[in-house]
Amino acid sequence: MTTRSSGLSGLEGGRQVGRLAPVRRASTVDLIAERLREAVVDGSLPPGTVLGEAELAYQLGVSRGPLREAMQRLTAEGLLVIPRRRGLAVRTMTAEDVRDIHWLRARIEPELGRRILTLPPAERRAVLAELGAEVKRMQRALRKDDARALGDAYLDFHRVLAVWGGSLRLARMLGTLLIETRLCTFSMFEHFEVHRDLVPEHVAFVEALAAEDGERFGMLVQAHLEAEVRRLLAEPEDPKHDDSDRLHAETPDEPQPLDRLDLPEGL
């Protein structure tokens, strides 16, 4: 499955982050780390997967040195863990993780919305256009009952907030939290699932920003994230929510082979 860039390198491609730091050429380690993040996001490396260094190096067509460095980077980000002091594995999220991740997002994303509203009018229009494009992707996915496409557009919507929020540090943090959000879904459910009401919720987010109502935007985001925690942990919620409100997609139970990296010349 092809997804949009799931890590910080994707954020660096955005116009806002480009104003904060010079663009640098991606290294082999960067490319390997990004491929591993993508595999975590799309479920090719499910939670709990033990990563064999030799096998991964063979699949990706890279040497073990940069692979080891890339895996250490993902360990520092909290996406990989050391199970029973042997090797590395994709992290399996717990209920505590779910609450913590969404608590952090509920502090970061309203702040990003407030910062976006301080941008010059032309830049605010550009943000709204990008967010609107992601909402349209979500609407198309919903019409097709395509859970994965809806979930991918959801992540990209929130990455747009990170790109335009004016803080490379917050962008990095949110980039990792969004990957962890996807890991929460994989960890808590047998199959990938999303809720149909993601679409009207995100329409409301855009409307709040278009109205320059940062307070309402923050309240909507917080309510959305609190509801996500209840859903992920199957806590009591509004009885109107039932299984018919959800879209499901099959996800692999076992790790899938990764495609060989096509490294640019000189790397």
Side-chain angles (χ1 to χ4, degrees), residues 1-21 23 26 30-31 33-43 73-74 77-79 101-102 104-117 119 123-141 146-186 192 194-195 198-199 201-206 208-210 217-218 220-222 224-225 228:
M1 176 178 175
T2 300
T3 62
R4 293 192 179 189
S5 178
S6 56
L8 183 59
S9 62
L11 298 173
E12 290 174 342
R15 152 177 29 176
Q16 181 70 5
V17 173
R19 300 190 322 175
L20 298 173
V23 175
D30 294 330
L31 296 172
E34 188 60 26
R35 175 60 60 83
L36 294 177
R37 290 190 195 95
E38 289 172 353
V40 169
V41 168
D42 68 26
R73 186 177 297 181
L74 267 67
E77 294 172 9
L79 302 178
I101 289 162
H102 289 76
L104 286 167
R105 286 185 57 192
R107 271 72 192 161
I108 293 172
E109 294 188 49
E111 174 61 22
L112 293 174
R114 286 189 287 270
R115 293 183 181 211
I116 286 168
L117 291 179
L119 295 172
E123 294 189 20
R124 289 204 304 274
R125 288 194 293 272
V127 181
L128 290 172
E130 291 187 29
L131 293 174
E134 297 304 336
V135 168
K136 288 179 181 177
R137 282 180 62 207
M138 295 173 75
Q139 291 168 331
R140 289 194 296 270
D146 189 333
R148 294 303 295 263
L150 178 54
D152 289 345
Y154 167 84
L155 293 182
D156 286 337
F157 180 101
H158 292 269
R159 290 186 186 118
V160 171
L161 295 176
V163 167
W164 285 97
S167 168
L168 186 57
R169 181 171 290 105
L170 290 180
R172 285 191 183 118
M173 291 171 65
L174 184 56
T176 298
L177 288 168
L178 290 173
I179 301 173
E180 291 182 316
T181 298
R182 176 61 63 85
L183 266 179
C184 287
T185 302
F186 288 149
F192 179 79
V194 290
H195 283 257
L198 284 179
V199 176
E201 288 176 352
H202 285 69
V203 169
F205 295 164
V206 175
L209 290 176
F217 174 80
L220 289 170
V221 169
Q222 183 155 350
H224 159 71
L225 293 170
E228 285 300 299

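Since we're looking at a predicted model, the values are computed, not measured. The figures here come from the full heavy-atom set of this structure, side chains too, leaving out hydrogens, waters and symmetry mates.
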Is R115 paired with E111 through a side-chain N to carboxylate O contact shorter than 4.0 Å?
yes
Please verify the inter-ring angle class for H202 with F157; under 30° counts as parallel, over 60° as perpendicular, anything in between as tilted.
perpendicular
Is there a side-chain contact between R73 and D30 in this structure, where contact means two heavy atoms from C-beta onward sitting under 4.5 Å apart?
yes
Apply the test salt bridge (charged side-chain N to carboxylate O under 4.0 Å, His left out) to residues R137 and D146: give CA-CA distance (whole Å), side-chain angles for both, the deciding distance (0.1 Å), then the verdict.
CA-CA 11 Å; R137 282 180 62 207; D146 189 333; over 6 Å; no
Quick one: does W164's side chain get under 4.5 Å of R124's, heavy atoms only?
no
Pairwise distance NE2(H158) to CG(L177) - rounded to 0.5 angstrom
12.0 Å
Compare every heavy atom of C184 with every heavy atom of I101, then report the nearest pair and how far apart it is.
CD1-SG, 3.6 Å
Apply side-chain contact (heavy atoms from CB on, under 4.5 Å) to the pair D42 and R148, showing each step before the final yes or no.
CA-CA 9 Å; D42 68 26; R148 294 303 295 263; 3.9 Å; yes
How far does CZ of F205 sit from CD of E134, to the nearest 0.5 angstrom?
14.0 Å
Only one of L174, L170, T176, L168 passes side chain to side chain contact (heavy atoms under 4.5 Å, CB included) with R172; say which it is.
L168
Does L225 reach the side chain of Q222, with side-chain heavy atoms less than 4.5 Å apart?
no
Kindly indicate, with the supporting measurements, whether the criterion side-chain contact (heavy atoms from CB on, under 4.5 Å) is fulfilled by R182 and D152.
CA-CA 9 Å; R182 176 61 63 85; D152 289 345; 3.1 Å; yes
Closest contact, heavy atoms only, M138 versus L198:
CE-O, 3.7 Å
So, taking the atom named CG in L104 and the one named CE in M173, what distance separates them when rounded to the nearest 0.5 Å?
6.0 Å
Can you name the closest pair of heavy atoms from L112 and G165 and give their distance?
CD2-CA, 3.7 Å
On a heavy-atom basis, the closest approach of F186 and V40 is CE1-O, 3.4 Å
Are any of the side-chain heavy atoms of L178 and V41 separated by less than 4.5 Å?
no
Here the gap from E201 atom CD to Y154 atom OH, rounded to the nearest 0.5 Å, amounts to 8.5 Å
Working to the nearest 0.5 angstrom, can you tell me the gap between L161 CG and I116 CD1?
5.0 Å
Please check this pair: side chain of R140 against backbone of A149, looking for a donor-acceptor N/O pair closer than 3.5 Å.
no
Walk me through it: do R114 and F217 pass the test side-chain contact (heavy atoms from CB on, under 4.5 Å)?
CA-CA 8 Å; R114 286 189 287 270; F217 174 80; over 6 Å; no
Do V163 and V127 touch side chain to side chain, with heavy atoms closer than 4.5 Å?
no
Looking at every non-hydrogen atom in both residues, tell me the closest pair between L220 and A204 and how far apart they are.
CD1-O, 3.7 Å
Run the salt-bridge test on R105 and E228 with the 4.0 Å N-O cut-off and return the result as yes or no.
no
